[in-house]
Amino acid sequence: MQDVSKTAFDVLVVGSGASGGWACKRLSEAGLKVALLEAGRQQSDANFSEHKPAFQLKYRDQAASIIKKTRPVQKDCYACMEYNYDWYCNDLDEPYTTTEKMPFSWQGRMRITGGRTNVWGRQSYRLSDLDFKAASHDGYGEDWPLSYKDVAPYYDMVEEYVGITGMPEGVYELPDSKFHPPMALTCAEVMVRDRLRQKMGRTMTLGRSANITKAINGRAACHYCGPCERGCVTHSYFNSAFTTVADALKTGNCTLISDAMVYKVLMDSDRNRATGLLYIDRNTRQPKEVHGRAVVLCAQALESVRILFNSAGRQYPKGLANSSGVLGHYLMDHITGGGANGELEGLVGKASINEPTRPDGIYVIRFRNTHNGPRYTRFLRGYGYQGGGGFGFNFRAPGFGEAYKKALTESRAYFGLGGFGECLPRLDN
Ligand SMILES: Cc1cc2nc3c(=O)[nH]c(=O)nc-3n(C[C@H](O)[C@H](O)[C@H](O)COP(=O)(O)OP(=O)(O)OC[C@H]3O[C@@H](n4cnc5c(N)ncnc54)[C@H](O)[C@@H]3O)c2cc1C
Ligand code: SF4
């Protein structure tokens, strides 16, 4: 077995999620010797349970209180369930504090190869110059030093590899991606799409989702079983565990070091260069070192910042890479809220049990403060809606007993929307 403490790697990558997976793939395919340090254990197809009925689970996926015993914060996340909760960190082992007035539910702290790409919602949208150059548009914050033109070729490359289902719309605010054939909209969605366009001039499109609809790179097209957050044996959604990380390992140039909780970056203070990483082996609880010429931190936004603070020393008293003093500030998370649900009249159809489930919804493209549209005075920037519609059982039928059971089977066409907005960058975030 390779003794990693004695190996001189070219690059050390911390975290095997969306960003770390790409770093490892590109660097190891280019011939560099890479070590990938991941705090979690190894992922495997044997852990995937997307086809397992709930009755085969001990608690039928109905006992949130059992999960909350060890994951009281992680259980806030809709995708943390009896099927997969041991992919998430144990909140009791990894506690954090916030000030009393600023609680923060830090969800999606994964401890398994692939990080959050195991459970993510797969919605994959390009930014436009309305995002990259937002400050020029509305005067708040700073423009990115990059423009859409600079980033577009990289979007092309990533999307061709990842595979995004979607519909081209030609809308400035949401540039089209390189799409796989679109999953079909339901009748309810077509109806709402048409009305939104006719009556309000807004564009509703299929959610742009990292679920493939044609086979690529040994991955099969999605077969619409539905619960991707429980894994996928056909590898039909994008999870770095079975895409980028697997490719990196295949080169023979990448060594995955699992259960390695990175604590700090080791520095050569004379040369002002990183030389390695100090990590804790989670199985033995022993501190260990690994050495390389460069370090790439991809341990998730907050964890990477923590590692930089932990790396403070005499030469860097405020933390590593913090000469600006902004480390740990300006956090931007997305916010959700608002929206509506309703029934649609005039559509006749039938709800059914166990029908194919499209693992994707719809998206209403930003319509507020658009490139050439009017400026809204009470709200900066923009937001979109995710949602979807189709036929469902009439669970809201009145009554009980036999009459209720009968009324329940009368299908209803429903439609729902929920808002997704961005957070402004502020020092006290
Ligand atoms: C339920 C859910 C739904 C989401 N839906 C969407 C969506 O629809 N569209 C979208 O764009 N984004 C979505 N996201 C967000 C998206 O998953 C993340 O933005 C993305 O995965 C971030 O990639 P990352 O590489 O920064 O971090 P992650 O993917 O989180 O990977 C970080 C990895 O680093 C490891 N790590 C952490 N600390 C250490 C340490 N000290 N030492 C070693 N390893 C460490 C972790 O174990 C983890 O494996 C969703 C997230 C969640 C939780
Ligand atoms: S819905 Fe598609 S991508 Fe999701 S788990 Fe099923 S086959 Fe895989």
Side-chain angles (χ1 to χ4, degrees), residues 12-24 36-43 48-51 74 76-81 84 87-89 94 105-127 162-165 183 207-213 219-242 244-245 257-265 277-280 282 290 296-308 310 332-334 336 356-361 363 386 420:
L12 308 175
V13 176
V14 183
S16 65
S19 52
W22 267 104
C24 288
L36 169 56
L37 287 88
E38 166 54 55
R41 65 182 200 275
Q42 290 202 21
Q43 183 57 290
F48 297 158
S49 60
E50 74 277 23
H51 298 152
Q74 302 313 304
D76 286 350
C77 173
Y78 71 92
C80 178
M81 45 186 72
N84 63 9
W87 299 356
Y88 292 74
C89 82
E94 298 192 44
S105 174
W106 186 4
Q107 304 168 27
R109 298 177 73 193
M110 311 309 291
R111 291 293 172 261
I112 194 143
T113 316
R116 277 176 287 171
T117 61
N118 283 283
V119 298
W120 71 315
R122 306 163 308 283
Q123 296 296 296
S124 304
Y125 298 99
R126 289 191 177 201
L127 299 179
V162 167
I164 314 285
T165 181
M183 294 179 165
R208 297 176 173 178
S209 185
N211 293 82
I212 55 177
T213 53
R219 301 164 57 206
C222 171
H223 55 267
Y224 289 57
C225 67
C228 313
E229 62 282 349
R230 284 150 48 179
C232 180
V233 287
T234 53
H235 298 177
S236 310
Y237 77 102
F238 179 80
N239 178 335
S240 58
F242 51 65
T244 46
V245 173
I257 310 175
S258 295
D259 295 306
M261 178 64 82
V262 170
Y263 173 63
K264 67 188 283 192
V265 180
L277 292 164
L278 175 66
Y279 67 95
I280 311 298
R282 280 160 59 97
V290 60
V296 184
L297 294 181
C298 301
Q300 186 263 1
L302 302 177
E303 300 265 12
S304 294
V305 167
R306 181 164 67 157
I307 293 168
L308 290 170
N310 281 348
M332 291 168 76
D333 208 340
H334 74 58
T336 57
T357 306
R358 188 189 68 200
D360 189 17
Y363 190 66
Q386 292 185 27
F420 280 72

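Worth knowing before you read on, the calculation uses all heavy atoms, side chains too, and leaves out hydrogens, waters and symmetry mates. Both ligands and their constituent atoms are indexed starting at 1 by order of listing.
In terms of heavy atoms, Q42 sits closest to S258 at CG-OG, 3.1 Å. Minimum heavy-atom separation, V119 to M110: CG1-CE, 3.8 Å. Taking all atoms of both residues into account, the shortest heavy-atom contact from G21 to V245 is CA-CG2, 3.8 Å. The shortest heavy-atom contact between I212 and A220 is CD1-O, 3.3 Å. Nearest approach of V13 to C298, heavy atoms of both residues: CG1-SG, 4.3 Å. Of all the heavy atoms in F48 and N239, the pair that sits closest is CZ-ND2, 4.5 Å.
For ligand 1 and C77, the ligand atoms under 4.0 Å from any heavy atom of the residue are 1 (C). For ligand 1, the atoms sitting less than 4.0 Å from at least one non-hydrogen atom of M261 are 40 (C), 41 (N), 42 (N), numbered in the order shown with element in parentheses. Remark: ligand 1 atoms within the under-4.0 Å shell around heavy atoms of M110 are 46 (C), 47 (O), 48 (C). Applying the 4.0 Å criterion to heavy atoms of P359 picks out, from ligand 2, the atoms 1 (S). Of all the atoms in ligand 1, the ones that sit under 4.0 Å from a non-hydrogen atom of A260 are 42 (N), 43 (C). Each of the following atoms of ligand 1 lies closer than 4.0 Å to a heavy atom of G15: 33 (C), 34 (O), 35 (C). Of all atoms in ligand 2, listed by their number and element, those nearer than 4.0 Å to a heavy atom of Y237 are 3 (S).
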Item to check | Verdict with reasoning, R111 to E38, per salt bridge (Lys or Arg N to Asp or Glu O under 4.0 Å) | outcome: CA-CA 8 Å; R111 291 293 172 261; E38 166 54 55; 5.5 Å; no
Checklist entry - Stepwise, does the side chain to side chain donor-acceptor pair (under 3.5 Å) test hold for N211 with T165? => result CA-CA 6 Å; N211 293 82; T165 181; over 6 Å; no
Item to check | Test side chain to side chain donor-acceptor pair (under 3.5 Å) applied to T117 and S240, step by step | outcome: CA-CA 6 Å; T117 61; S240 58; 3.2 Å; yes
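Atom 4 (Fe) of ligand 2 has its closest protein heavy atom at C228 SG, 2.4 Å. Of the protein's heavy atoms, S19 OG, 2.6 Å lies nearest to atom 25 (O) of ligand 1. Summary of contacts: the protein heavy atom closest to atom 3 (S) of ligand 2 is N211 ND2, 3.3 Å. Of all protein heavy atoms, the one closest to atom 37 (C) of ligand 1 is A299 O, 3.3 Å. In this structure, atom 2 (Fe) of ligand 2 lies nearest to the protein heavy atom C222 SG, 2.4 Å. Of the protein's non-hydrogen atoms, Q123 O, 3.4 Å is the one closest to atom 10 (C) of ligand 1.
A salt bridge links R109 to E303: at least one charged side-chain nitrogen sits closer than 4.0 Å to a carboxylate oxygen.
Of the N or O atoms in A18, one or more lie within a sub-3.5 Å distance of an N or O in ligand 1. In terms of polar-atom proximity, I307 is not counted as a contact of ligand 1, lacking any N or O under 3.5 Å from an N or O of the ligand. Residue contacts with ligand 1: Y78 is placed with no nitrogen or oxygen under 3.5 Å of a nitrogen or oxygen of the ligand (distance criterion only). Between V262 and ligand 1, at least one pair of N/O atoms sits closer than 3.5 Å. Between G121 and ligand 1, an N or O atom pair is found at a separation short of 3.5 Å. The shortest N or O to N or O distance between A39 and ligand 1 is under 3.5 Å. Considering backbone and side-chain atoms together, R122 places an N or O closer than 3.5 Å to an N or O of ligand 1.
Across the listed options H223, R122, R358, R230, H223 owns the non-hydrogen atom lying nearest to atom 7 (S) of ligand 2. Nearest to atom 13 (C) of ligand 1 by heavy-atom distance, out of W22, F238, W120, is W120. The option with the heavy atom closest to atom 21 (O) of ligand 1, from among R116, E38, E303, is R116. Of all the listed residues (A210, G226, P356, P227), G226 holds the heavy atom that lies closest to atom 1 (S) of ligand 2.
Ring orientation note: the planes of H235 and F242 are close to parallel, at an angle under 30° on the 30°/60° scale.
The closest side-chain heavy-atom distance from Q300 to W106 is below 4.5 Å.
At a heavy-atom distance under 4.0 Å, only backbone atoms of C298 (N, CA, C or O) approach ligand 1.
In this structure, the separation between SG on C89 and CD1 on I112 is 13.0 Å, given to the nearest 0.5 Å.
In summary, C225 places an N/O/S atom under 2.8 Å from atom 6 (Fe) of ligand 2, meeting the contact criterion. Residue contact annotation: C232 places no N/O/S atom under 2.8 Å from atom 2 (Fe) of ligand 2.
Two rings, from Y125 and Y363, have their centers less than 6.0 Å apart.
Looking only at distances, no side-chain donor or acceptor of N84 sits under 3.5 Å from a matching main-chain atom of R230.
At a 4.0 Å cut-off, at least one heavy atom of G231 sits close enough to ligand 2 to count as contact.
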